Structure formats: C-alpha cells, structure tokens
2 protein chains.
Amino acid sequence: MATDTKDRILEAAARLFAEHGYHATGVAGILRAAGVKSGSLYHFFSSKEDLLVAVMQRHLDLLRPQILDRAEAESVTEDPLEHVFSLLGIYRRSLLVSGCRLGCPVGSLALEVGNNTPRARALIERYFSVWVAQVRDWLNAAGPRLPEGLDRGAVARQILAVVEGGIIQARAAESLEPYDACVAQLRSSFELLLARRRYEQEEPRDTLMGEPSPTKRTGREVGGQFEWRAW
Amino acid sequence: MATDTKDRILEAAARLFAEHGYHATGVAGILRAAGVKSGSLYHFFSSKEDLLVAVMQRHLDLLRPQILDRAEAESVTEDPLEHVFSLLGIYRRSLLVSGCRLGCPVGSLALEVGNNTPRARALIERYFSVWVAQVRDWLNAAGPRLPEGLDRGAVARQILAVVEGGIIQARAAESLEPYDACVAQLRSSFELLLARRRYEQEEPRDTLMGEPSPTKRTGREVGGQFEWRAW
DNA sequence: GGTTTGATTGATTGGTTTATCAAACCATGG
DNA sequence: CCATGGTTTGATAAACCAATCAATCAAACC
C-alpha cells in the first residue's frame, strides 16, 4: 500500500540517519533497508534533502506521544519533577540498548545539518522548543517547591543541554558513565534547589539533601537515598 | 615548504570539517581552501580518513594552549572558578563571531564520526578527558569553597555537557540565547553550591545568592549582581 | 656537477552517488 | 471489462567523489 511504503522509507531513513548521520547514509542503503526501489522513494520524496525534512517532521510528530507522554506515563508518582528524570531515563535506555550509539536522533542531525538546510533547521528548532516547553511546564507544576525567582525556562534549557551533552560524551567514551555523571550532578542541583526553597521558607528540615516534598512518594529507597526512579 | 603545505591542509580541513561536517566536506573543497593540488594532499595523508585523524590530533594538541591556557589567561582574577566561566566565554565568542555556526569543533565530529572511525573516536575521547580533567582541577583548586562531598569530576562532566548541549541549541536556534540561558543557569547552580558551603560552615552571610568568597574579587558589578566576567 | 630525496602538479581512473524516466503494475470505480 | 490514476519497477543518466600516478621541480647532499 502507499502509506505503508512511505512509512517504511521514513522509518528506515530515520534509523539510518540516527545511526550513521545524514551524509554518511546513501539512498541505496535506505532503499535496501526499506525493501524498496529508487523510483518509489522519489515518487514520495523529491530529493534526499526532502526526505530529511520529512524525517525531521516525523521526529517532531512523535516527540510528544513517544517521548514526553511516555516520560509521564513511566513515572510512578505524579511528581512533575519525577517526569523530568523519567525523561532522562528514556534517553539513557536508548543509549543502553544501542551500545551508546543512539542517543537523541535530533541532536545528532542538529550539529550535522543544522545550518545550510533551512527547513530541517527550523524543525529542529521547533523540536527543541517543544521539548523545553514541556520540561518548563513540569518545573512550573512543581510550583512552590522550587525557589521563587528560579528561571524555569532556563533550567529546562540546561536540562536539554545536559541530555545532549551527556549523550555526546557517552558516545565518545562508548560508556554510560559520563551520561550518568551528568544526570547525577543534575539531580544534586535539584536537591539543592529544593533544599534552598525549604531554607527560604524556614521550614523544619532534617537533612539538606533530603527527599522532595513527599506527598505521594512511591519511589524506592536505595542506599538510604530517595530515588526518583529515573531508570 | 613542506610543513607549511601540510599545515595549510590541516587548517583548511579543520575549518571545513567544523563548518560543514566531515562527510559533507569534499576533498576538492579542502584543496581549494588550502590552495593545493590533490597530489600534495595524498603525499602527506594516505586517505581522507587519515586526514580526519590528523585534524583530530591537531585539535587535541591545541586544546591546552589555545583553549584551556587561554581561559586562565583571560581571567582577571586568579579565582579558579572564574577560569571555568572564562572557558565558557571562549565558546560563546566562537559562536558569536561565526553567527552561531561554529561552536566546539570536536563536539560536532563526535556525533558524526564518533563510532565507526575508531582512531578518531579515541582522540575525541581523550580530548574530552583532558578538558574535563582541567575543569576538575580548577574545581579542586577552589578547595573548601565548594561543598565537601561534591563530586568535582561529575561537575566537570556536567559543565562540558552544558557547553556542548548549549552549542547544539544555539546552532539550531541561530541565536546565543539558549547558550546564555544554559550558562546563566550553571552560574546559579554554582552560587548555590557556594552558598551551601557557607551554610554548612555556619559562616555569617548576608545574601544566599551572593558573591564567591571575596578574597580577590576584581570582577565588575553588574546590576547589583557580582559578575565573574565570563565574557 | 651529478645524484638522491622529497614535494608538487594535474590529468585521469574507477567507483559511487543522487536522481530520472518510461514502462509495468494494480486497485478502484464506472 | 475497460479506464484511470496512483504506485512500483529497474535500467540508466549525469554528476561527483576519493584516490592514483607518471612527470616535473627544488633543494640538499655527496
């Protein structure tokens, strides 16, 4: 069927672009992976670059259902801060199952074709915007638990940076360790923010690095420290 | 002269790889940019991939003199924490003068040729290691101003992640704003760490988000907030 | 002055790439 | 049963790519 072929091409192209990059992926490889002849591809897409744009559009379309919503769904609590670390856990799993080869498909393409491919660049920008906006909303939903003056948009951008930068390092090192270190450090920063908020409010506190306001805490205890079940 | 030609080739290749990526850069373009004929290139480098490795080696060789040492040199104070933000300022300038096209030449290549080019990957990994080790040393030099139990290696990795991730976002957005937001947020985290340290020591403090221990403060005051002169 | 060594040239090769196109195919509706 | 239009085929064009190589040149060395 028509849409089936088109989807197979898109899926194959998305996978190969993510694995080897845009330029390193030949049309022949996409055809082979999709089980299609060249004419079919050029029936649906006017050029390789056009295919790239379609792949990016697909990533954008799938961002919410397959990444953001899933991060929420995987959180055992309704703590919006847990959604954030759930999200980081999704990328970690992607690295894990691919032997540190696949991280964020958009991040890779952003650096390779970012400029000099205007349509793709615009989609990448929107992708990041949606991502950041969702994380910002989660941070906003954490409401008074985070400090008053905190720029939650900037924090969301920083979280995205940590993800992308952590993935770069993990790929280079062929190890999850750098990614985990970045995330762990991010978690510490959050604990500090939460602690600071409690400090501002002069609430009673036992430990400074303690758990988030435990209204619904259902995470597991690990080594005496509360885990937000990011993975 | 011999070395002159070789250097011109390396320089041209490094620039073009950073601008357009490895695969998108043709040998012909390198020859044109270096003002050299193909035979010369293949006299010095056995293949395009060999040239890539040489370019990476060059980046590694220049990391200390042109990036890390310069970050120290540009700091007006001897505060090792200022070195860190000085370093972030170097990358910002690179983005600025190139219209957000050039960030970290190694980060781009890390994602594009990271795997499936073992020699290049190993050099990228070493590059990041040296980078992280230097930042870690700076953090260590900050000594007791940072909290006792802080994993300074992890913080250094996180800083690298913020740089690389901030650059990705800046390139995608064709704007410095995302990079600045990430760095600003990083700065806030540091202020929080310093504040926390002072809190631990039960030292007298006036503001929680105040300046770093002002033994040698020579930065400029901006809007009432202390600036570490990152740029 | 003659020889060796290394550097440089630039036309050329062989392979690969993206993209085209006319012909065949097939489902749907008249 | 045919007509139509979207779909698929696969050979092939045209451009591009990395890489080669015999020939020239320059300098250093004996």
Side-chain angles (χ1 to χ4, degrees), chain A residues 1-58 108-109 112-121, chain B residues 1-58 108-109 112-121:
Chain A
M1 204 208 296
T3 53
D4 178 58
T5 301
K6 191 173 179 179
D7 281 350
R8 280 215 317 281
I9 295 172
L10 276 172
E11 200 176 343
R15 200 187 73 235
L16 292 172
F17 288 168
E19 253 179 83
H20 308 111
Y22 172 70
H23 292 285
T25 300
V27 173
I30 299 172
L31 299 178
R32 197 170 346 105
V36 174
K37 308 298 173 180
S38 75
S40 288
L41 191 151
Y42 285 99
H43 174 70
F44 292 106
F45 307 99
S46 65
S47 68
K48 190 188 173 189
E49 185 179 320
D50 190 54
L51 174 58
L52 169 68
V53 172
V55 165
M56 270 309 312
Q57 180 66 54
R58 195 182 102 112
S108 318
L109 293 177
E112 188 181 354
V113 302
N115 24 23
N116 67 23
T117 308
R119 286 193 299 163
R121 206 223 86 244
Chain B
M1 202 208 295
T3 52
D4 178 58
T5 301
K6 191 172 179 178
D7 281 350
R8 281 215 316 282
I9 295 173
L10 275 172
E11 200 176 344
R15 201 186 72 236
L16 291 172
F17 288 168
E19 254 179 82
H20 308 111
Y22 172 69
H23 292 284
T25 300
V27 173
I30 299 172
L31 300 178
R32 200 171 340 108
V36 175
K37 309 299 174 182
S38 74
S40 289
L41 191 150
Y42 286 98
H43 175 69
F44 292 106
F45 308 98
S46 66
S47 67
K48 189 188 173 189
E49 184 179 323
D50 189 53
L51 174 58
L52 168 68
V53 172
V55 165
M56 269 310 311
Q57 181 65 56
R58 195 181 102 111
S108 318
L109 293 177
E112 188 182 354
V113 300
N115 23 23
N116 65 22
T117 308
R119 287 193 298 163
R121 205 222 87 242

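As the structure is a prediction and not an experimental result, all values here were calculated from the model. All chains are named by letter (A, B, ...) in the order of the sequence lines, taking the proteins before the strands, and each is independently numbered beginning at 1.
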Nearest-Å distance, CG (B:Asp50) to P (D:dA18)?
15 Å
Please name the pair of heavy atoms, one in B:Val113 and one in B:Asn116, separated by the smallest distance, quoted to 0.1 Å.
O-OD1, 4.1 Å
So, does A:Thr5 get its side chain near the phosphate of D:dT8, meaning an N or O under 4.0 Å from OP1 or OP2?
yes
Do the side-chain N or O atoms of A:His43 get closer than 4.0 angstrom to the phosphate oxygens (OP1, OP2) of D:dT8?
no
So CG of A:Leu41 and NZ of A:Lys48: to nearest 0.5 Å the spacing works out to 11.0 Å
Consider the side chain of B:Phe44, meaning its heavy atoms from C-beta on, and name the nucleotide among C:dA19, D:dT7, C:dA7 that approaches it most closely.
C:dA7
Short of 4.0 Å, heavy atom to strand atom, which residues of residues 12-24 of chain B count as contacting DNA chain D?
none
Return the value, rounded to whole Å, for the distance between atom CD1 of B:Ile9 and atom C1' of D:dA18.
15 Å
Atom-pair distance (NZ on A:Lys48; P on D:dC16), nearest Å
15 Å
Separation of A:Leu51 atom CG from C:dT17 atom P, in whole Å?
16 Å
Between atom CZ in A:Phe45 and atom P in C:dA19, what is the gap in whole Å?
13 Å
If you draw a 6.0 Å radius around CD in B:Gln57, do more than 12 non-hydrogen atoms from other residues or ligands fall strictly inside?
yes
With A:Phe45 as reference, evaluate A:Val55, A:Val27, A:Ile9, A:Val53 under the side-chain contact (heavy atoms from CB on, under 4.5 Å) test and give the passing residue.
A:Ile9
Name of the residue among A:Ile30, A:Thr5, A:Leu51 meeting side-chain contact (heavy atoms from CB on, under 4.5 Å) with A:Leu10:
A:Leu51
If one requires at least 3 consecutive Watson-Crick or G-U pairs with distances under 3.5 Å, the stems of DNA chain D turn out to be C:1-30 with D:1-30
Looking only at side-chain atoms of A:Val27, point me to the closest of C:dA7, D:dA19, C:dT18.
C:dT18
So, taking the atom named CG in B:Asp4 and the one named CZ in B:Arg8, what distance separates them when rounded to the nearest 0.5 Å?
5.0 Å
Residues touching DNA chain D, which here means a heavy atom under 4.0 Å, drawn from residues 33-42 of chain A:
A:Lys37, A:Ser38, A:Gly39, A:Ser40
Can you list everything that forms a salt bridge (Lys or Arg N to Asp or Glu O under 4.0 Å) with A:Arg119? Sequence neighbours excluded, please.
A:Asp50
Rounded distance in Å - CG (A:Leu31) to P (D:dA11)
14 Å
Nearest 0.5 Å, what's the CE-OG1 distance between B:Met56 and B:Thr117?
11.5 Å
Give me each pair satisfying side chain to side chain donor-acceptor pair (under 3.5 Å) with a member in residues 21-44 of chain A, each pair once, sequence neighbours excluded.
none
Locate the shortest heavy-atom distance separating A:Ala24 from A:Glu112; write the atom from each residue and the value.
N-OE2, 4.5 Å
Which salt bridge (Lys or Arg N to Asp or Glu O under 4.0 Å) pairs, counting each pair once, include a residue from residues 14-24 of chain A, with sequence neighbours left out?
A:Arg15-A:Glu19
